[in-house]
Amino acid sequence: MVDWEDIVQETTYAVELTEAAVAKVGDLLRREEPGLALQVSVQPGGCSGMRYQLFFTDKYAKALVKTLAERDGEGVTEEDDAETATQRAALVTEKMSVVWFDRFAMVIDPKSGPYLQGASIDYLDTLQKSGFVIENPNANGSCACGDSFQ
């Protein structure tokens with residue numbers, strides 16, 4: 001049997017969420033179904049060529065809920081049901097990076113990971129701006145709004 005967690009961790013990218021970002025994501029997830037993960041990806045588009053996408057995904061929900069319970073030592077020992085096993089296998093075959101923050105996971109696909117390596121995601125809530133801000137050392141430039149980069 002393949003230890004999927006070891007394989008997933010081999011592909012972990014150094015992407016940091018600040019305390020403010022972790023708190024905001026946690027707050028948003030409290031209103032949702034268990035197992036949703038924050039997915040961070042990079043896609044072609046935007047005025048500078050590449051754009052960030054942050055969204056919640058349930059694609060791996062059952063696998064992540066069970067893994068969290070196992071990680072926290074809550075005694076989950078029964079075999080995976082078919083859906084959980086399929087989701088765990090998808091994390092491995094898709095080479096998704098999984099990073100845990102308290103009670104939720106952030107997942108990053110292998111195509112986006114190199115673009116995000118060393119990035120920091122913060123959450124700002126000021127009079128002028130409210131939202132997630134990504135500081136990316138790999139970006140050569142960005143548009144004025146900060147939603148896309150080169």
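When every heavy atom of W100 is checked against every heavy atom of L64, the shortest pair comes out as CH2-O, 3.4 Å. Between K95 and P110, the shortest heavy-atom contact is O-CD, 3.5 Å. For M106 against V15, the heavy-atom pair with the smallest separation is CE-O, 3.8 Å. Residues R88 and D80 approach most closely at NE-OD2, 2.8 Å, considering heavy atoms. When all heavy atoms of L54 and V40 are compared, the closest pair comes out as CG-CG2, 4.3 Å. Across all non-hydrogen atoms, the minimal contact from Q117 to P137 is O-CG, 3.8 Å.
Taking NZ of K62 as the start and OG1 of T86 as the end, the distance is 10.0 Å to the nearest 0.5 Å. In this structure, the separation between CG on L116 and CD1 on I134 is 6.5 Å, given to the nearest 0.5 Å. With rounding to the nearest 0.5 angstrom, the CG atom of L36 is 6.0 Å from the CG atom of L29. In this structure, Q53 CD and Q43 CD are separated by 4.5 Å, a value rounded to the nearest 0.5 Å.
D58 pairs by the side-chain hydrogen bond (donor to acceptor under 3.5 Å, both in side chains) definition with nothing, not counting sequence neighbours. The side chain to side chain contact (heavy atoms under 4.5 Å, CB included) check on E16 picks up T18, S120, with sequence neighbours excluded. Scored by the side-chain hydrogen bond (donor to acceptor under 3.5 Å, both in side chains) test, E94 finds K59, Y60 as partners (sequence neighbours excluded). Contacts of R31 classified as side-chain hydrogen bond (donor to acceptor under 3.5 Å, both in side chains), with partners at least two apart in sequence or in another chain: D27. Under the side chain to side chain contact (heavy atoms under 4.5 Å, CB included) criterion, L124 pairs with D122, V133, not counting sequence neighbours. Among residues two or more places apart in sequence or in another chain, the salt bridge (charged side-chain N to carboxylate O under 4.0 Å, His left out) test is passed with D125 by none. Listed by chain and residue number, nothing satisfies the salt bridge (charged side-chain N to carboxylate O under 4.0 Å, His left out) test with E32 (two or more places apart in sequence, or in another chain). Qualifying side-chain hydrogen bond (donor to acceptor under 3.5 Å, both in side chains) partners for T57, counting only residues two or more places apart in sequence or in other chains: none. Annotation: ring pair (Phe, Tyr, Trp, His ring centres under 6.0 Å) contacts of F101 (sequence neighbours excluded): F104. With sequence neighbours left out, P114 forms a side chain to side chain contact (heavy atoms under 4.5 Å, CB included) with Y13.
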Item to check | Full working for side chain to side chain contact (heavy atoms under 4.5 Å, CB included) between I121 and F132 | outcome: CA-CA 7 Å; I121 302 172; F132 290 95; 4.0 Å; yes
Next on the checklist: If you apply the rule side chain to side chain contact (heavy atoms under 4.5 Å, CB included), what do you find for V25 with F56, and how did you get there?
Outcome noted: CA-CA 9 Å; V25 171; F56 294 124; 3.9 Å; yes
Next on the checklist: Does D109 form a side chain to side chain contact (heavy atoms under 4.5 Å, CB included) with M96? I'd like the steps, not just the answer.
Outcome noted: CA-CA 5 Å; D109 65 85; M96 298 299 286; 3.8 Å; yes
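Tracing side-chain contacts under 4.5 Å through hydrophobic residues (I, L, V, M, F, W, Y), one never reaches V65 starting from V107; they form parts of separate clusters.
A donor-acceptor contact shorter than 3.5 Å is absent between the side chain of S112 and the backbone of S41. Although no hydrogens or angles enter the test, the distance criterion places no donor-acceptor pair under 3.5 Å between the side chain of N136 and the main chain of A119. Using a distance-only test at 3.5 Å, with no hydrogens or angles considered, a donor-acceptor pair links the side chain of T67 to the main chain of A63.
If you check the side chains of Y123 and S130, you find a donor sitting under 3.5 Å from an acceptor.
Among pairs with a residue in residues 16-41, none fulfils ring pair (Phe, Tyr, Trp, His ring centres under 6.0 Å), at least two apart in sequence or across chains.
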